[in-house]
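One structure below.
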4 protein chains.
Amino acid sequence: MAHGQASIARNTVVDAKTPNKRDRLVSGARRVIYERGVERTSLADVAEVAGIPVGNIYYYFKTKDDLVAAAAEAHVSDLGELFQRLEALDSPQERLHGLLDELSHVGGSVAEYGCPLGTLAGELDKRNGTMASPQSQQLLVTMVDWAEQQFVGLERGDARQLAVALIAGYEGAALLTHSLRDPELLADQVQRLQQWVDEIADTANQAPAARSRRALHDQ
Amino acid sequence: MAHGQASIARNTVVDAKTPNKRDRLVSGARRVIYERGVERTSLADVAEVAGIPVGNIYYYFKTKDDLVAAAAEAHVSDLGELFQRLEALDSPQERLHGLLDELSHVGGSVAEYGCPLGTLAGELDKRNGTMASPQSQQLLVTMVDWAEQQFVGLERGDARQLAVALIAGYEGAALLTHSLRDPELLADQVQRLQQWVDEIADTANQAPAARSRRALHDQ
Amino acid sequence: MAHGQASIARNTVVDAKTPNKRDRLVSGARRVIYERGVERTSLADVAEVAGIPVGNIYYYFKTKDDLVAAAAEAHVSDLGELFQRLEALDSPQERLHGLLDELSHVGGSVAEYGCPLGTLAGELDKRNGTMASPQSQQLLVTMVDWAEQQFVGLERGDARQLAVALIAGYEGAALLTHSLRDPELLADQVQRLQQWVDEIADTANQAPAARSRRALHDQ
Amino acid sequence: MAHGQASIARNTVVDAKTPNKRDRLVSGARRVIYERGVERTSLADVAEVAGIPVGNIYYYFKTKDDLVAAAAEAHVSDLGELFQRLEALDSPQERLHGLLDELSHVGGSVAEYGCPLGTLAGELDKRNGTMASPQSQQLLVTMVDWAEQQFVGLERGDARQLAVALIAGYEGAALLTHSLRDPELLADQVQRLQQWVDEIADTANQAPAARSRRALHDQ
DNA sequence: TATGAATGAGTTTTCATTCAT
DNA sequence: CATGAATGAAAACTCATTCAT
C-alpha cells in the first residue's frame with residue numbers, strides 16, 4: 001500500500017504505470033494551496049490542476065490532511081535542497097544573504113500570496129486545533145535551525161535568538177507585504193535584514209571578543 | 001433596521017430590549033475567529049457563543065463576510081482606543097514600548113492562537129482573492145501608521161520603514177511563537193524590539209544630527 | 001380588527017393616524033410583484049417600498065397570500081374603473097379599442113415585465129396548487145366578461161368565444177413580447193387585434209343577419 | 001465529469017453504471033417544475049422524484065439554474081423532434097394543424113398546469129431579472145420560427161407576424177384555460193386557430209396574388 | 001490501481017411569521 | 001396600533017470521503 005511510506009519513496013524511481021502521479025498531486029496541491037489557502041482549496045481543485053481524478057487522490061493520501069501534510073513536507077524538502085546549495089558558499093554571511101535572496105525572489109508573488117511557508121504555517125496552526133501540528137512547526141523550525149547554525153558559525157552565543165529575529169523579520173515583512181500588496185515593502189525590509197546580517201558578520205570578524213554584551217537586535 | 005452599523009449606539013448603555021446583541025455577536029465572532037480561524041468558524045459556532053439562534057445573525061449582518069468585517073473593525077477600533085491611551089505617555093519611546101507591551105500581553109494566548117491581528121489579516125488576504133481586502137489592510141496599516149508617527153516624533157526620516165520593521169518584527173515573532181507553541185520566543189523577541197526602540201530613541205536624544213547615515217535596522 | 005373587511009373599507013375616509021397605509025402597502029406590493037414576481041418578492045421588499053416596518057404588514061394582512069390577494073383585487077378594481085370610463089364611449093368597437101389601447105400603453109413596461117394581469121394570474125395559478133385560486137380567475141374573468149358584453153353589444157352569438165379570443169390574443173402577445181423583449185411585437189399584434197375588432201364591428205353594422213355562419217376567429 | 005452535457009449520450013442506451021440518472025433528473029425536474037413552477041420547486045423535490053439524494057444533483061448540475069436550463073433545453077429539444085415529425089406532412093397547413101393538435105393534447109393537463117412552455121418562459125423571464133434569459137427566449141422563439149417557416153411556405157410576406165399571432169393566440173388561450181380551469185376553452189380556441197390557418201391556406205391556394213392587402217389577423 | 005459516481009453531513013442564506021413592548 | 005427584534009424551518013450549495021467496478 002502507498003499510505004504512510006511518504007518521504008522515502010517519493011523521489012525514488014517511478015514505476016511505468018504511475019509517472020509520479022503522487023508528485024504531480026503534491027506539487028499541484030502546493031500551488032493551489034499557496035494561492036487560495038488550505039481551507040479554500042478543495043480536493044477537486046487539486047485533482048484538476050494535477051490532472052488526476054478526484055477519487056484517485058485517495059489512493060495516494062488517506063485524507064485531505066495527509067495531502068496537505070505532504071505539501072508541507074515538500075516545502076521542507078525544498079528548503080533542504082536550498083540549504084545544501086547554500087552550503088557551497090564561503091561564509092555564513094553569504095549563506096544568510098542567499099536565504100533572504102531566495103525567499104524574496106519567489107517572483108513578486110509574495111505581494112500577491114504571501115510567503116508560501118509562513119501562510120501555510122499559519123493555516124496549519126489553526127487547522128489542528130490547539131496542539132501544534134508537526135508540519136507547521138517543521139516548516140519554520142527548519143529555517144530557524146539552519147539560520148541558527150549560520151549565526152553559530154559567526155560565533156554568536158545568542159545564535160538562536162538571532163535566527164528567530166531573522167526569520168521573524170522576514171515573515172513579518174512578507175505578511176505586511178501581502179496585506180498591503182506592496183512589493184517594495186518586502187524589498188526594503190529584506191535590504192534592512194541584509195545590512196543587519198552584514199553588521200553582525202563584520203562585528204564577528206573585527207572584534208570577536210566584544211560581542212556578547214551588545215543587545216540582540218542591534219548589532 | 002440594524003444593517004449598516006449604528007456606530008454611535010454601539011458602545012452606549014444598552015436598552016432593555018436588545019442588550020446589545022450585536023456587540024455580543026461581534027465579540028463572540030472575534031473570539032471564535034481568533035481561536036479557530038475565519039474559515040473554520042461557522043455562523044452556528046458564533047451563534048452558539050453569542051447565545052442566539054443562527055438565523056438571527058442575519059438581522060444584524062447581511063453576510064458572514066459582513067460579520068467578519070465587523071470583527072476586524074472592532075479590532076481596529078480597539079487599536080484606536082489603545083493609541084489614545086498611549087498618547088498620554090510622555091515620549092514616543094514610551095509609547096512604542098506601550099504598544100509592544102500591550103501586543104505581547106494578550107494573556108499568553110499568542111502561543112496558542114497567534115496574534116489576533118496578524119492571523120486575521122492573513123486569512124482575510126486569502127478570503128478576498130487577489131485584490132487586497134480593505135479590512136485586512138486596515139488591521140495592519142493602523143498599527144504601522146501609528147508607529148510611523150512615533151518614529152517621526154523621534155525625528156527619523158526613515159520613519160515609515162522603521163515602523164514597518166517594528167510591526168513586521170512583532171508579527172513575525174508572533175507567527176513563530178504560535179507555530180512553535182513557545183511563549184518565551186515572543187518574550188525574547190519583544191525584548192529585542194524594545195531595546196532596538198530604546199537605541200533609536202537614545203540616538204535621537206544624543207546626536208540628532210548624526211542619524212541619517214546609519215543603517216536602517218541597527219540604530 | 002382590520003382583517004377580512006377588505007374592499008369596502010379600502011377606499012373610505014382615512015383616519016388621521018393612518019393615511020392609508022394599507023393602500024400604500026397594496027400598491028407597493030403591486031409594483032414590486034409586477035417587477036419581480038410574487039415568489040421573488042419578499043414582504044421585506046414590499047415593506048421597504050411602502051415605507052412601512054415589516055412587522056406592521058401583519059396588522060393589515062394575516063399572511064403574504066392575503067397581501068398578494070389584495071394586490072390582485074386592486075388590479076381588478078382598477079379594471080372596474082377603466083371599464084366605467086370606457087362606458088362613456090359610443091360604441092362597443094370604440095370600447096374594445098379603448099381596452100387594447102389601455103393595456104398596451106402601460107409605458108412599454110410590457111417588454112420589461114409582461115402584462116401585469118397575465119403574469120400575476122400565471123403565478124397565482126401555481127401558487128395555489130391544483131385548484132383554481134379565486135384571485136387569478138377574477139383577474140382574467142373580469143376582462144373576458146367585459147369584452148363579452150361588448151361583443152354582445154355587437155350582437156354576436158359567439159360573444160364569449162370572441163371575448164376569449166381577444167384577451168387570449170392580447171395576453172399571448174404580451175407573453176411573447178416579454179420573452180423576446182421586443183416592444184414592437186406587442187404593437188403589431190395589438191394593431192392586428194384592433195383591425196380584427198373593426199371587421200367584426202363593420203360586419204355587425206353592414207349585414208347584421210349574415211353573421212352567425214362565419215368562423216370565429218376570422219371575421 | 002458530468003457537467004457540460006453529453007448531449008449525444010443523453011438519449012442513447014443506458015449503461016449499467018448510470019441508468020441515465022441525468023435524464024431522470026431532467027425529466028423529473030421538467031415534471032415537477034411544470035406542476036409547481038420553478039420557484040416553488042426545490043431541489044429536494046426534484047431529487048425525490050428522481051429517486052436520488054439531493055447532494056448528487058450537483059454532480060450533474062452546478063446550480064439549480066443549470067438544471068432549470070436543462071429542463072428548458074429538453075423542451076426545446078422535444079419541440080425539435082416534433083417539428084421533424086411534422087416535416088413528414090404534406091403541407092404547411094397540415095403541419096400547423098399538427099402543432100396545434102400536439103400542443104393542446106398534452107393530456108388535458110393544460111387546464112391543470114398551463115402550457116409547459118409558456119409558463120416556464122414566463123417564470124424564466126422573472127428569474128433572470130430584466131435582461132432576457134436565453135432559455136426563455138429559445139422556448140418560444142423556436143415555435144415562432146418554425147411557424148414562420150410554415151407561413152413562408154404559404155407564401156405570406158407577413159409570415160413572421162402571422163407566426164406570432166398563432167403562437168400568441170395559443171399561449172394566451174392556454175393561460176386563460178389554466179386560470180379558469182376550463183379545458184373546453186382551450187378546445188374552442190384551438191379550433192378557431194385551426195380554422196384561421198385553413199383560411200390562410202385556402203387563400204394561398206386560390207388567389208396567390210390577392211393576399212397582401214388583407215388584414216393580418218383576419219384571413 | 002483507476003475512476004466516475006455517489007453520499008450525507010455541514011454551511012451560508014432567506015423569509016414568512018410571531019412576539020414583546 | 002406600531003415596530004424592532006426574534007425564530008425556525010427551509011433552501012441552495014459544498015465537499016471530504018466512500019464505493020462499485
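Scope of the values below: all heavy atoms of this structure, side chains included, with no hydrogens, waters or symmetry mates. Throughout, protein chains are lettered first and strands after them, A, B, ... in sequence-line order, and every chain is numbered starting at 1.
In this structure, L25(D) CG and N20(D) CG are separated by 10.5 Å, a value rounded to the nearest 0.5 Å.
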(request) Heavy atoms under 4.0 Å is the rule here; annotate nucleotides 13-18 of chain F 5' to 3' with B where the base is hit, S where only the sugar-phosphate is, and - elsewhere. (result) BB-SBB
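Taking only side-chain nitrogens and oxygens, Y59(D) never comes nearer than 4.0 Å to OP1 or OP2 of dT7(E).
Secondary-structure annotation of DNA chain E gives the stems E:2-21 with F:2-21, with a stem taken as at least 3 successive Watson-Crick or G-U pairs whose two distances both fall under 3.5 Å.
Rounded to an integer number of Å, the gap from CG of N20(D) to P of dG4(E) is 17 Å. dC1(F) atom P lies 12 Å from atom CZ of R22(C), rounded to whole Å. Here the C1' atom of nucleotide dA12(F) and the CD1 atom of I57(D) are 10 Å apart, to the nearest Å. The separation between F61(B) atom CZ and dT14(E) atom P is 15 Å, rounded to whole Å. Protein atom CD of E48(D) is 15 Å distant from nucleotide atom C1' of dA10(F), rounded to whole Å. Rounded to an integer number of Å, the gap from CG of L25(C) to C1' of dC1(F) is 14 Å.
With sequence neighbours left out, Q138(A) forms a side-chain contact (heavy atoms from CB on, under 4.5 Å) with V76(A), T142(A). N56(B) pairs by the side-chain hydrogen bond (donor to acceptor under 3.5 Å, both in side chains) definition with nothing, not counting sequence neighbours. V49(D) meets the side-chain contact (heavy atoms from CB on, under 4.5 Å) test with R31(D), V32(D); sequence neighbours excluded. With sequence neighbours excluded, the residues satisfying salt bridge (charged side-chain N to carboxylate O under 4.0 Å, His left out) with R30(B) are D78(B).
Salt bridge status for R40(C) with D45(C): absent, with no side-chain N to carboxylate O gap under 4.0 Å. Using a cut-off of 4.0 Å between Lys/Arg side-chain N and Asp/Glu carboxylate O, K126(B) and E123(A) are scored as not salt-bridged.
A side chain to side chain contact (heavy atoms under 4.5 Å, CB included) with F61(A) is found for exactly one of V46(A), V68(A), L67(A), L43(A), namely L67(A).
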